[in-house]
Every structure is written in structure tokens, then in C-alpha cells.
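The structure appears right after this line, and notes come after that.
When reading the values below, keep in mind they use all heavy atoms of this one structure, side chains included, and skip hydrogens, waters and symmetry mates. Bear in mind the structure is a predicted one, so any value in this text is a computation, not a measurement.
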Amino acid sequence: MTEPKGYARLSNKLWLNDKTMSLALEHPSAFAAWVMSISYSSDNMTDGRLSKLALRRIMAAPDDVRLLVELGFWDALDDETLLIHDYLKHQNRRNSNDSETEAEAGPKSGPKRAEAGPKSGPVSEAPLTKNEKLKTKDNNSFTPPTPSKPDFDDLLERIESFYPPNRFDGKTSQTRFQLEIDWPKVVRAAGEGHEDPAGFLEAKARSYVAATEPRYVVKFSKFLGSEFYARNWVREPPEAEPDARPSPRSRSIPQRSRSQANQDANAALIARYAAEEAAENQSREGVLTC
């Protein structure tokens, strides 16, 4: 068997790809797991296949695994194996005797190469070290069902119809991609088995706008990023206004505050003491004149 080459291939234009760069910006750990999976598969000659053990070795977190499957960076072959999407179009095949790739092979050899991929046997891998087991003991399950995605453009148009115009940024490419990435979270928030997650998100956005003063409504991108759709929004009833017409008694006798009442009581007490003292002084002066 030919020894593996010491490198894998990444396009020079990778940094210009909107989908890939959005993944790197929004979910850097998932982006790192995707790049590491290419390096791992090239080094171990797995033809893009990733076992559970491989995911542990590249330290792929379960949430990142789910996200990469949902976005199509990885394909789920079965409950035990993932496949890096279009891996053999850019990387060397395990049983290749030269350096040509699937893309360089030409249309004649394409079908034969495509049939050979699934037949390649598993690659033997060294057991995990003790530290690797401790770090990755929770990364044992993956390949959840990918939730079906709605017509996002139609959904955003419906939300735009009632969202404050100066706060709606759902038509930007970044927010549009954020919605696609966060869609599994929306589905989970709607509840397992919910038939219309898109309707759920629309209803939550509508409730939020109705329950919030227009000047306090956040941008739609923040509504998504902060998962406001997972909360219950109810507009509080306005406080009852006090009766503007005072009763006759309230007009004739103004109500005193507690502080004012204390001040009045102290003033009365001081006046009484002053009167008693004046009477006592007058009595003494009468005795002296006699």
C-alpha cells in the first residue's frame, strides 16, 4: 500500500466561500473540526470516512457534529460512520498509486472511482489514550435526524410584513445564513414532532413584536441569536389610571404625607412645651414682686 502523502488539499479560494466563512465566524469550533477531519482522513487514508473513534481523536463536540451534518459539510452514511462531503473530488484515494485526485482523473475514470469508495475497508486505528478517553467520554453519539428546512425566503418575507422596518435585517446574507444554521435550535424550541416549525417561529416573532414597544424591538438577527423565539411573549395590560375627579372630601381636606404629619406633631409638641415654660416663668415673677 502506498504511503500517505504528508498533506491534504484546501482550495486557495476557501477564504472567499461565503458558506465556509460564515461557519468559521459563527461556529469556529465546528469549522476547526471540519478542517481537522480532512487532515485526519488524509493522514489515515480513510477516503473521507469518519468513525466515532475518529471524531474523538479530532475532538469534535456533539453539537458541532450535528451542525456539520445538517449543513452538508459531512454526510451520514449510517449510525456509525460519517463521510466528508465531496472528499474524493479534492483528495487522494486510499488505493491510488499516483498523485491524481478525483477531480484530476477525468470523466472516464469518475464512475469507477465513485463505486470504489464505499467498498474500501475500515482503517485500523490505535486505541485512545487515558487522557483522550477522559476528554471525550461524552462524545459517543451523533447522526441525529436532520430537520427538514422550509422555504426560508418565504418565511422571512412573512416576518418582514409585520416586523418594524428599521429593525428587520432578515434579508442580509449573514442573517439569512444564521437562520439556516440555527434552524435545528428553532425546531427543538418548537418541540419534538411539531408539524410547522416555520409557523412556530413566525408566531413567536409576531408575539414578540406585539408585546414590545416599537422603540425597544431588537433587530431580527438578535431575535434569532438570543433565542427570543424560545420565550413566551404576552403584552401586559396597561395600568388603570386613577380617577381624575376628586371627591368633595379630598378637595376640602388635602391628604397629608406621613412626613408632613410627623412634622406637624413635633411642632405642636414644641408649642405646648413653650406655653408651659412661659406660664411657669410668669408665676415665678409674681412671687418675687410680692
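By the 4.0 Å N-to-carboxylate-O rule, R206 lies close enough to E202 to be salt-bridged with it.
The shortest non-hydrogen separation linking K52 to D79 is CE-O, 3.7 Å. Nearest heavy atom pair, residue V65 against residue A60, reads CG2-CB, 3.8 Å. Nearest approach of I58 to A33, heavy atoms of both residues: CD1-O, 3.7 Å. Nearest heavy atom pair, residue K185 against residue E227, reads CD-OE2, 3.7 Å.
Using cut-offs of 30° and 60° for the angle between ring planes, the F223 and Y208 rings count as tilted. Ring geometry for F220 versus F168: interplanar angle of 30 to 60°, hence tilted.
The hydrophobic cluster containing L25 does not contain V35, counting ILVMFWY residues as joined when their side-chain heavy atoms lie under 4.5 angstrom apart, directly or transitively. If you chain together hydrophobic residues whose side chains sit under 4.5 Å apart, L10 and L50 fall into the same group.
In this model, no donor atom of one side chain and acceptor atom of the other lie less than 3.5 Å apart for T212 and W233. A donor-acceptor pair shorter than 3.5 Å cannot be found between the side chains of S39 and S42.
With sequence neighbours left out, the side-chain contact (heavy atoms from CB on, under 4.5 Å) criterion links D151 to D153, D154. Under the rule for a side chain to side chain donor-acceptor pair (under 3.5 Å), the partners of N232 that lie at least two apart in sequence or sit in another chain are K204.
Side-chain atoms of T175 do not come within 3.5 Å of backbone N or O of G170 as any donor-acceptor pair. At distances below 3.5 Å, at least one donor-acceptor pair connects side-chain atoms of D196 with backbone N or O atoms of G199. In this structure a side-chain-to-backbone donor-acceptor pair under 3.5 Å is present from N17 to T20. S226 places a side-chain N or O within donor-acceptor distance of the main-chain N or O of K222, the cut-off being under 3.5 Å. In terms of modelled atom types and a separation under 3.5 Å, the side chain of N44 and the main chain of T46 share no donor-acceptor contact. Under a 3.5 Å cut-off, the side chain of D47 and the backbone N or O of R93 do not form any donor-acceptor pair.
The shortest side-chain heavy-atom distance between V69 and R66 does not fall under the 4.5 Å cut-off. Side chains of Y229 and V186 form a contact here, defined as non-hydrogen atoms less than 4.5 Å apart. Side chains of W183 and P197 form a contact here, defined as non-hydrogen atoms less than 4.5 Å apart. Two residues are said to be in side-chain contact when any heavy atoms from C-beta on lie closer than 4.5 Å; P214 and Y216 fail this criterion. In this structure the side chain of L224 reaches within 4.5 angstrom of the side chain of L179, judged on heavy atoms. L71 places a side-chain heavy atom less than 4.5 Å from the side chain of I181.
Here CG of L53 is found 11.5 Å from CD of E80. Values are rounded to the nearest 0.5 Å. Distance CG/L67 to OG/S29: 8.5 Å, rounded to 0.5 Å. To the nearest 0.5 Å, atom CD1 of residue I38 and atom OH of residue Y7 are 15.0 Å apart. Note that CG of D64 is 11.5 Å distant from CE of M59, once rounded to the nearest 0.5 Å. Here the straight-line distance linking atom CE of M21 with atom CZ of F31 works out to 6.5 Å at 0.5 Å rounding. Interatomic distance, T81 OG1 to D75 CG, rounded to the nearest 0.5 Å: 12.5 Å.
In Q174, the CD atom is not crowded: 12 or fewer heavy atoms of neighbouring residues, nucleotides or ligands sit closer than 6.0 Å. Annotation: K171, atom NZ; neighbour count of heavy atoms from other residues, nucleotides and ligands within 6.0 Å is above 12.
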Discussion item. Evaluate L68 against L23 for side-chain contact (heavy atoms from CB on, under 4.5 Å), listing each step before the verdict.
Written reply: CA-CA 9 Å; L68 290 169; L23 176 69; 3.9 Å; yes

Worksheet item: What's the verdict on side-chain contact (heavy atoms from CB on, under 4.5 Å) for W74 and I84, showing C-alpha distance, side-chain angles and the deciding distance?
Response: CA-CA 5 Å; W74 291 343; I84 302 172; 4.0 Å; yes

Practice prompt. Start with the C-alpha gap between V187 and F200, add the side-chain angles, then the distance that decides, and say whether side-chain contact (heavy atoms from CB on, under 4.5 Å) holds.
Written response: CA-CA 9 Å; V187 174; F200 163 82; over 6 Å; no

Item to complete: Verify side-chain contact (heavy atoms from CB on, under 4.5 Å) between Q178 and S221, making sure each step is shown before the conclusion.
Response: CA-CA 8 Å; Q178 179 185 352; S221 57; 4.0 Å; yes

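Both tests pass for K19 against the ring of F73: distance under 6.0 Å to the centre and angle within 45° of the axis.
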